[in-house]
Amino acid sequence: MERYRFYLGEAAMTGFVHPIARGWVVRDAVPGPNVDEFGEPDQVRAALARPGAADGTLLAVQHPHRTPTALAEGLDLLSALPIAHAALARLRAEHYRRVDDVIALSWGDGPDGEAIGIICIVDPTAVLPNGLTFVRHTEDVYPEVVAERAAVIKGLGCATSSAMLIPADGGRRFSELVARTIGEMGDPDVSTVDVKGRRERLWLLGPGERQDEIIATAQRESLLVADGNHRVAAATLAGKGSLLALVTGGPDLRIGPINRVLVHTGLTIDDLAVRWTATGLHVQPAEDRTPETGVVVVVAGSTALKVTLPGDELDHQAVERLMVAQALDIEPAKVLRPLYEGQTPRPDADAVVLIAPVRRQDMLAIHAAGHRMPRKATYFTPKPRSGLLLADIGWSRSVDSPRWGSWGGTVS
């Protein structure tokens, strides 16, 4: 783990945010399917089965054990890592160029909001003088997903996707500084537009006073995980002390819905209504299928129900605790799956639970109280596009090199 002392003027602070010592920036567009569109293993397997998708694509790098070759040969994740290495090597050779000691000033905007910030390396294990962690989880995680992602990180030594972190104070000062710097830098090094009209631009900023000032400002406040709780947990478990992250305060971050699919219960929607009513929940037919805070909408076929939840906890938590654990006597993780806006429900769905987006003030209140939200509760946008910038996390410069002239400390 790397730990430095960062000096800005006469003030010193522990360095939790770092440049990308060695990385690769995409030359044009990231080849292959957009990995950020796939949330379930079966979706990944289906995407990798398409012609060319498993040959030198980011999806194959992140899920080598779900490629057709690995499935045909019965390879587990560790045995399939050579597939990931080969795919990554081909990606770097054909679609990327090498960069050193940079942070990337990032500006993403489109129909789902606007985010200005930096892509950099953050130490997810760092602890502040008050004993709290510098990076704060906002949601619970699935342990099996964390273990899988940690194995890929350790096996590759390369981060390919960024978590989204927001300063606990909202990050207005930080965002204004980054925006000002972007205004001084001319044309971006990377500029892409996806099929939904979302634009992503990157400006690479090397060593110097501007980079130092931005890094110092980024680490003046603890950072909350807006997107990527599993990435943060995996980076911590992998033991590298290096998380690839977009640090941003907006100016227009939005929280969209993450609904739930109920599977493998063996119950019809009428059966579910009886169980929920017996638990004390108010259930009624729904003419309007729009959920609101405190009221979820459950849909199965042509039938829709409104279920009113108590107002003393987050809706996602009430769905897990009351509608599943208590009413059905089932561990929620076994029968609830996340469903993102615009996705088609699984074919084996018993019902879909539509839940209103978490309000930002509720998320902050939960964090302030020292608690976490349930897994997959918030969908912050605009997200950083995976694969625009890769970071080597298995390699670091010596602190004796000229680059680290204003830094001190040890590497262990």
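In what follows, residues are counted from 1 in the order of the sequence shown. All values derive from a computational prediction rather than experimental measurement.
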Salt bridge or not for Asp194 and Lys196, using N-O below 4.0 Å?
no
In plain terms, say whether Arg360 and Asp362 are close enough for a salt bridge, that is, a side-chain N and a carboxylate O under 4.0 Å apart.
no
Give a yes or no on whether a salt bridge exists between Arg210 and Asp212, defined as a side-chain N under 4.0 angstrom from a carboxylate O.
no
Quick one: sort the His230 and Tyr142 rings into parallel, tilted or perpendicular, breaks at 30° and 60°.
parallel
For Asp101, is there an ion pair with Arg22 - N to carboxylate O distance below 4.0 angstrom?
no
Return all side-chain donor-acceptor pairs below 3.5 angstrom for residues 109-116, not counting sequence neighbours, or 'none' if the list is empty.
| unit_1 | atom_1 | unit_2 | atom_2 | d |
| --- | --- | --- | --- | --- |
| Asp109 | OD1 | Arg199 | NE | 3.1 |
| Asp109 | OD2 | Arg199 | NH2 | 2.7 |
| Glu114 | OE2 | Trp107 | NE1 | 2.8 |

Are the charged groups of Arg27 and Glu94 less than 4.0 angstrom apart, N to O?
no
Is it true that Lys376 and Glu139 have a side-chain N and a carboxylate O under 4.0 angstrom from each other?
no
Has Asp36 got a side-chain atom pairing as donor or acceptor with Lys383's backbone, closer than 3.5 angstrom?
no
Between Thr378 and Phe380 (side chain of the first, backbone of the second, donor and acceptor by atom type, cut-off under 3.5 Å), is there such a pair?
no
So, are Arg172 and Glu176 salt-bridged, with charged N and O less than 4.0 Å apart?
yes
Looking at Arg66 and Glu148, does any basic side-chain N land under 4.0 Å from a carboxylate oxygen?
yes
Answer yes or no: is there an ion pair linking Asp227 with Arg231, defined by an N-O contact shorter than 4.0 Å?
yes
